[in-house]
Amino acid sequence: MSAPVETLSLADSSDDLEENHGETTSYSIGDYLGINVAEGALAVMPPPSAPTRDEEHRSDGRDSTMSRHGYLQSPTDVAIPVPENDAPNSQTPTHAGTVPSWSVECSSNATRHTQNDEEDGIITAHVEYVKYNAPAPPGRDGFGDEDEEKDERTDSKRRMFGVLFVTLCAIGLAIGCALIFFKFRSTGELSTSKQNAIPRSIKVQNSLKDYTPLNEKAFVWLASTDTWEPDEEDPNGDYLWLERYSMAVLYFSNNGQNWSQNDKWLSSQPVCSWYSGTANECPGPIKSLSLPSNRLTGSIPSMIGNLSQLTHLELEDNGLTGSIPISIGNLRQLAHLELDDNSLTGSIPVSIGNLRQLTHLELDANELTGSIPISIGNLRQLTTLRLWYCHLHGTIPSQIGNLTRLKVVQLDGNYFTGTLPSSIGNLRQLTELRIGKDSQLRGSLPSEIGNLSLLTAMQFDGNKLTGSLPSEIGNLRQLTGLWLWYCQLDGTIPSEIGNLTRLNVVLLDGNNFSGTLPSSIGSLRQLTKLKLADNSLSGNIPTSIKSLTKLVSLDLGKNRLTGSVPPLPSSLDTCSLSRNCFRNVANSRDAGCSHTNECNNNRLY
């Protein structure tokens, strides 16, 4: 705000506004100033193109000369009488009929020019921009107080309308949200209603669209006869449709009407109640499918692989034929797979290596062919592997050494060739190792077999093993049964065999063992059966044999034993010393042993 001036000179040309902005230029009062003189009051206003709120007051029909503001449309100089007693720079309005003081304000880019003419008592001014706000004298009826009250009433009305507007907006927003909510709710109910209206056959077909071609009998039953449906909110709904269909396929494919137990099958109850009691025992997807000795016939349907929640699949001792479906590898939660005692053919699918949670694999007593797939090395949780009498051939994969949790390995009754992999020594949890009966394994027993310190049964009978019995066998102190008969082993029987004090059965007959029978044999005080016949043993029978007080069966026939027969255990039930070359067999007679000496020129026949 500039200081008050004494002279107001108003220019008469508005064209200079844009042309000389920022210079010392006069502007037209007609275009840029509104002037009204009423009893000595002067107000300066914006041009008509931007009326102020005070200008709006003029539109109510009141006399403009009574307004605080007015317009002078033509350029002119204005002469205003100046009260003698008022200082020209006073900003406080005088009253009682005097003219208030004036304030002149120049724009930021303008220059103020003034001159005084006190002699005439006239104030004139020459300015580029003037802003003046002169308060109206108080106490004038219908002038200052009335306008202020009206302004306050206007402001109050505006505030009231503002509050009303905000309230209406809030109410509208609430109504809109409610409408949206009920719209979506009604849409959801309509959707549910429409879903319920979908024919059952369409529901079934939609659930099984990825599993074509469908089994016709199972589909017709599920779509037309069955009445059970999964709960609409059940996240397993699609799976339960598939599970129900797959179980129906198993029933129709495997002679379900002739099963020993089939009374609840295809009932309108949850699948888990069909064979394992009430539905409360398994309210969700079935985990176990156990149908042993239930007269199932036919092949295992590939749809069995869709029961991905299964942990136990036990179909042993039935009349199943055909091959093991590749889809069995989809059962990734499976822990027990028992298909033994059937008539399954074909090879073990490679996909079986996908069953990484498997702990029991039992395929024994089938008519399988092919070899053990190397993917079996993936089954690192496996504890039991039973493949005996499966007609398998080929080599035993070295990957079997990966299965360090194995406790039972039964591979006897197959036609394996090659050598026993040394990785077998990795199976330190093994308690039972059986690879006998008709196998054709060659080579020697690896010394790593001595690592199997928990082994209780070792059986390699009927193979074509060569070499000697490794001395590391003395580490197998938990061993109770040693079956190595007719294996073509040679060399001497190691004295370390005396460490195996838990042995009950030792069958080493039908080999090419030579040398003497070690006296440490007398340490095997739990022994009940000892067979060393049909070897090339020589020398005397050790006297320590009398310590085997639990021995009930002894066969040392067809060797080259000589000397006198020592006292034998009185516990013997059967005893054969035939075809040796003893000098004194009195003790053998006392023990009831059969004996025939076959010495001819010191040669044993």
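Basis for what follows: all heavy atoms, side chains included, without hydrogens, waters or symmetry-related copies. Since the structure is predicted, the reported quantities are computational estimates derived from the model, not experimental observations.
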Donor-acceptor pair, side chain of [X] and main chain of [Y], under 3.5 angstrom:
X	Y	result
Glu243	Ile286	yes
Thr480	Thr456	yes
Asn262	Trp265	no
Asn535	Asp490	no
Asn254	Ser299	yes
Ser576	Gly557	no
Arg295	Asn258	yes
Ser253	Leu250	no
Ser327	Ser302	yes
Asp534	Asp509	no

Pair Asn414-Asp438, side chain to side chain contact (heavy atoms under 4.5 Å, CB included): steps then yes or no:
CA-CA 6 Å; Asn414 290 286; Asp438 301 321; over 6 Å; no
For [X], does the [atom1] atom sit with more than 12 other heavy atoms under 6.0 Å from it, leaving out its own atoms?
X	atom1	answer
Leu214	CG	yes
Gln261	CD	no
Gln257	CD	yes

Show, in sequence, the C-alpha distance, side-chain angles and deciding distance for Leu561 and Thr516, and conclude whether the side chain to side chain contact (heavy atoms under 4.5 Å, CB included) test is met.
CA-CA 8 Å; Leu561 297 173; Thr516 60; over 6 Å; no
Given side chains that start at C-beta, do those of Ser246 and Ile304 come closer than 4.5 Å, heavy atoms only?
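Answer no - side chains too far apart.
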Find out whether Leu315 and Glu338 are in side-chain contact, i.e. whether some heavy atom of one side chain is under 4.5 Å from a heavy atom of the other.
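Heavy-atom side-chain distance check fails, nothing below 4.5 Å.
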Least distance between heavy atoms, [X] atom then [Y] atom:
X	Y	value
Pro470	Pro446	CG-O, 4.4 Å
Gly394	Ser371	CA-CB, 4.3 Å
Ile352	Pro373	CG2-CG, 4.4 Å
Trp241	Ser207	CD1-OG, 3.4 Å
Ser293	Ser260	O-OG, 4.1 Å

Could you tell me the separation between the [atom1] atom of [X] and the [atom2] atom of [Y], rounded to the nearest 0.5 Å?
X	Y	atom1	atom2	result
Gln410	Asp340	CD	CG	10.5 Å
Leu291	Asn318	CG	CG	7.5 Å
Asn255	Asn294	CG	CG	10.5 Å
Gln459	Trp483	CD	CH2	6.0 Å
Leu441	Lys464	CG	NZ	11.0 Å
Leu242	Leu307	CG	CG	7.0 Å

Apply side-chain hydrogen bond (donor to acceptor under 3.5 Å, both in side chains) to Ser514 and Ser536, showing your working.
CA-CA 5 Å; Ser514 59; Ser536 297; over 6 Å; no
Do Thr549 and Ser571 pair up side chain to side chain, a donor and an acceptor below 3.5 Å, judged on atom types alone?
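The answer is no; no qualifying pair exists.
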Distance-only donor-acceptor check, side chains Lys550 and Gln526, under 3.5 Å
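Lys550 vs Gln526: donor-acceptor pair found between side chains.
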Sequence neighbours excluded, which residues qualify as side-chain hydrogen bond (donor to acceptor under 3.5 Å, both in side chains) partners of Gln205?
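For Gln205 there are no side-chain hydrogen bond (donor to acceptor under 3.5 Å, both in side chains) partners, ignoring immediate neighbours.
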Check against side chain to side chain contact (heavy atoms under 4.5 Å, CB included), Gln440 and Phe416
CA-CA 6 Å; Gln440 304 294 311; Phe416 295 120; over 6 Å; no
Do the rings of Tyr251 and Trp259 sit parallel, tilted or perpendicular, given the 30° and 60° boundaries?
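Correct class here is perpendicular.
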What's the verdict on side chain to side chain contact (heavy atoms under 4.5 Å, CB included) for Asn504 and Leu527, showing C-alpha distance, side-chain angles and the deciding distance?
CA-CA 4 Å; Asn504 292 320; Leu527 207 61; 5.7 Å; no
Taking it one step at a time, do Gln429 and Lys407 satisfy side-chain hydrogen bond (donor to acceptor under 3.5 Å, both in side chains)?
CA-CA 5 Å; Gln429 302 298 316; Lys407 295 181 178 181; 6.0 Å; no
Quick one: is the NZ or CZ of Arg434 closer than 6.0 Å to the six-membered ring centre of Trp388, and within 45° of its axis?
no
Please tabulate, one pair per line, all N/O donor-acceptor pairs under 3.5 Å involving side-chain atoms of residues 355-367, not counting sequence neighbours.
residue: Thr359; atom: OG1; partner: Ala335; partner atom: O; Å: 3.0
residue: His360; atom: ND1; partner: His336; partner atom: NE2; Å: 3.3
residue: Glu362; atom: OE2; partner: Arg386; partner atom: NH1; Å: 3.1
residue: Asn366; atom: OD1; partner: Asn342; partner atom: N; Å: 3.4
residue: Asn366; atom: OD1; partner: Ser343; partner atom: N; Å: 3.4
residue: Asn366; atom: OD1; partner: Leu344; partner atom: N; Å: 3.0
residue: Asn366; atom: ND2; partner: Leu339; partner atom: O; Å: 3.0
residue: Asn366; atom: ND2; partner: Leu363; partner atom: O; Å: 2.9
residue: Asn366; atom: ND2; partner: Asp364; partner atom: O; Å: 3.4

Before you tell me yes or no, could you show the steps for Ser495 and Ser520 under side-chain hydrogen bond (donor to acceptor under 3.5 Å, both in side chains), namely the whole-Å CA-CA distance, both residues' side-chain angles and the distance that decides it to 0.1 Å?
CA-CA 6 Å; Ser495 62; Ser520 61; 5.2 Å; no
